[in-house]
2 protein chains.
Amino acid sequence: MNDDQEKAKNYNPKKYRTPDGIPADIVMFTLTKQERRSSTKSLPLFELKVMLIRRRSWPFAGAYALPGGFSQENESLYETASRELQEETGVDGGHLEYLGVYSTPGRDPRGWIISHAFYALVEEWVLEKRKAADDAQAVGLFTIQEALEELELAFDHREIIKDAYRRIQEQMLQTTIAKQFLPPHFTLSELYQVIRTVVPDFEELNFIRKVTSTRSRQGILEEVVDENGKRLVSNQYSQRPAQLYRFTDFTPRLSIYT
Amino acid sequence: MNDDQEKAKNYNPKKYRTPDGIPADIVMFTLTKQERRSSTKSLPLFELKVMLIRRRSWPFAGAYALPGGFSQENESLYETASRELQEETGVDGGHLEYLGVYSTPGRDPRGWIISHAFYALVEEWVLEKRKAADDAQAVGLFTIQEALEELELAFDHREIIKDAYRRIQEQMLQTTIAKQFLPPHFTLSELYQVIRTVVPDFEELNFIRKVTSTRSRQGILEEVVDENGKRLVSNQYSQRPAQLYRFTDFTPRLSIYT
DNA sequence: GTAATAGTGTCTGTTAGACACTATTCT
DNA sequence: AGAATAGTGTCTAACAGACACTATTAC
């Protein structure tokens, strides 16, 4: 037995009251695409949705809650969230990010339970599959407005969803997470629509020109070309083919002063 | 006994292994000012420092650690941090913000201990007072370089300090936290020096002009005037008096796309 | 006068914002 | 031709970046 182990044996961590559990809850966002009926090709309608599960048991039986689960001793909280995400959706990988801690006394009637919120960006089909596999009654995809204004939510999950929404809006403008909602190659209209869906009051009349022809932002996006250097285009959503782009791994440094 | 209480009685939260403690650790930053010897008035030298405490007992006896303490059942983690900050410095108020959670298994030899990091911006005299009140040997103010490269640090506190440093640099450019390091009224040189101290590679040759005469940033700062509308100036750090400014409560929205 | 910081002039090239206009393809 | 999205032209005012220059005051 080494020195540390010996000392650890003498140290009694349960001298004080300790929490009753440390769950990780995940705000899973997805962007649903809905075909628009029209005579010709057109961009689909996007909607930002969040996955919620109807609780069956006490506390908050019948209310909707974020998917999540308790952390175990042998894993970090990120691993807990990652494991839960995998258990809930069958997918690992994808964008998973820490949001914050929720520890207001009394937030959970089961005891002293400190929850950690994460948010994930998941493809629509993943959540649809999950919904099909499970009791369809229990799993739902809701718009932010529905979740915040119409549903009865468990615990402090309304606060968590609000915070996650604020965060994803900020991230959508300040980082390149938009790529999580886009195929590897995409047109600028698709990108613009994705941004607009998450941040409705983002309006840029000259969006195409701005992201392509200004030097200061040069490097966020690049044109996709084939092996012969020919620029690749897509006409999936339009009559006239549009140039395809991809994100580079460059992210500019933002500042309020300059 | 109401329904919830009855159910809570039947619910056994200790069915599973639970953590041994949830501390909050605080990265306390301060900006030290050092007079420069010169024949005339000049700006002081600023340095960004972090407060660390030398541990006396197991584990990591002799190593430096962030100040902090365990959370109690009747308080949120922000309250824990706020209480610790008050206990450590005698000051409440000031800037205190959540940084993140540190939960890697094995990070604390005392057991399963999940720590939450906060960072605080504190005035220099507060920490000096703290240092005087206590055993001066135990409390130290160190530059980031000293803390990260020269000191033996307890737990995963090197990681925490790194993360806090990254965060304060980001915040310094994207929010108006610079005001935490400045008096209510300040000159633009002071502001520039504060920013430069925290983010050394922030270089703006036309800083004064940029923050004063460009419309898009209009509203971050405003000139300070007296009751007669006369503009207030200071010659504390210069021969020629300089216009005093204050922050408004406006913060622009930043975006990589526009 | 000299030192030290405050602030302006000036120049070129780039960008923002508004909005009209052309381009490409499918039906 | 009409629909739908892609993308350019054009104009003005604002801004960025570089760097030389003047201004104010204390010593």
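Chain letters run A, B, ... following the sequence lines, proteins first and then strands; every chain starts at 1.
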Nearest to the side chain of [X], which nucleotide is it out of [options]?
| X | options | result |
| --- | --- | --- |
| A:Arg240 | C:dA23, D:dA4, C:dA4 | C:dA23 |
| A:Ser238 | D:dA18, D:dT5, C:dG7 | D:dT5 |
| A:Thr258 | D:dG17, C:dT25, C:dT5 | D:dG17 |

Atom [atom1] of [X] and atom [atom2] of [N]: how far apart are they, to the nearest Å?
| X | N | atom1 | atom2 | value |
| --- | --- | --- | --- | --- |
| B:Tyr192 | C:dT5 | OH | C1' | 14 Å |
| B:Gln243 | C:dT8 | CD | P | 10 Å |
| A:Leu45 | D:dA4 | CG | C1' | 14 Å |
| A:Gln193 | D:dA4 | CD | C1' | 13 Å |
| B:Lys210 | C:dT8 | NZ | C1' | 17 Å |
| B:Ile208 | C:dG9 | CD1 | C1' | 14 Å |
| A:Tyr245 | D:dT5 | OH | P | 18 Å |
| A:Tyr237 | C:dT24 | OH | C1' | 19 Å |

Lys/Arg N to Asp/Glu carboxylate O, A:Glu170 vs A:Arg166, below 4.0 Å: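 Salt bridge absent between A:Glu170 and A:Arg166.
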Side chains of A:Asp163 and A:Tyr102, donor plus acceptor under 3.5 Å: yes
Exercise: do B:Gln171 and B:Tyr119 side chains pair donor with acceptor under 3.5 Å: yes
Parallel, tilted or perpendicular, as decided by the 30° and 60° cut-offs, for the rings of B:Phe118 and B:Tyr98: perpendicular
Any N/O donor-acceptor pair, B:Arg209 side-chain to C:dT10 base, under 3.5 Å: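 A donor-acceptor contact between them is present.
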Base C:dA18 paired with A:Asn206 side chain (donor-acceptor, <3.5 Å):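 Donor-acceptor pair under 3.5 Å: yes.
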